[in-house]
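Side-chain atoms are counted along with the backbone in the values below, which use heavy atoms only and exclude waters and symmetry mates.
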Amino acid sequence: METKAVLEAVSKMNGEELNRVIEMVKMRRNMLAQVTKSAFRVGDKVEWNGKYGGIDKGTIKSIGPKNVKVMAETNVLWTIHPNLLRKQA
C-alpha cells in the first residue's frame with residue numbers, strides 16, 4: 001500500500017480505528033529497533049548525528065532492552081536509541 005493511500009485511509013478513521021493503527025505502528029517500530037539493535041555488539045565502533053549537527057563517534061559499552069550505551073570519543077557515556085546509530089566505516 002502506498003503512503004498516500006495509507007494517509008487517506010487514516011484521515012477517514014474513527015477514534016477506535018486510530019488507536020488500533022497507533023498500536024500497530026508502535027509494535028512495528030519496536031520490531032525494527034530490535035532488528036537494528038541485533039546488528040550491534042559490545043565493542044563496536046559507531047557514529048551518530050550529534051546534538052549540534054556534527055557526527056559523534058564512540059564505542060558500544062552495553063546493549064540494553066531499548067537503548068545502547070556508547071562511550072563517546074569525548075569520554076562521555078551516552079544512552080542512545082539503536083535506530084540513531086550506524087557502524088563506523
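Taken together through direct or relayed side-chain contacts under 4.5 Å among Ile, Leu, Val, Met, Phe, Trp and Tyr, I80 and V76 form part of one hydrophobic cluster. Both M13 and V6 belong to a common hydrophobic cluster when Ile, Leu, Val, Met, Phe, Trp and Tyr are linked at side-chain heavy-atom distances under 4.5 angstrom. Linking Ile, Leu, Val, Met, Phe, Trp and Tyr residues whenever their side-chain heavy atoms come within less than 4.5 Å leaves L32 and M27 in two separate clusters.
Around CE of M24, the count of heavy atoms belonging to other residues, nucleotides or ligands within 6.0 Å does not exceed 12. Sparse packing is recorded around CZ of R29, with 12 or fewer heavy atoms of other residues, nucleotides or ligands lying under 6.0 Å away.
Between D56 and K51 the shortest heavy-atom distance is OD2-N, 4.4 Å. T79 and N67 get closest at one heavy-atom pair: CG2-CB, 3.5 Å. Here the closest heavy-atom approach between residue P82 and residue A33 is recorded as CG-O, 4.0 Å. When all heavy atoms of T59 and K45 are compared, the closest pair comes out as OG1-NZ, 3.1 Å. Taking all atoms of both residues into account, the shortest heavy-atom contact from W48 to K57 is CZ3-C, 3.7 Å.
A heavy-atom distance below 4.5 Å is not found between the side chains of I60 and K87. Taking 4.5 Å as the limit, some side-chain heavy atom of Q34 sits within range of a side-chain heavy atom of K37. Looking only at side-chain heavy atoms (C-beta outward), Q88 and I55 stay at 4.5 Å or farther from each other.
In this structure, CD1 in I63 is found 12.0 Å from NZ in K61, a value given to the nearest 0.5 Å.
Side chain of R86 to main chain of N83: no donor-acceptor pair is present (N/O by atom type, distance under 3.5 Å, no hydrogens or angles).
A salt bridge does not link K4 to E8: none of the charged nitrogens lies less than 4.0 Å from a carboxylate oxygen.
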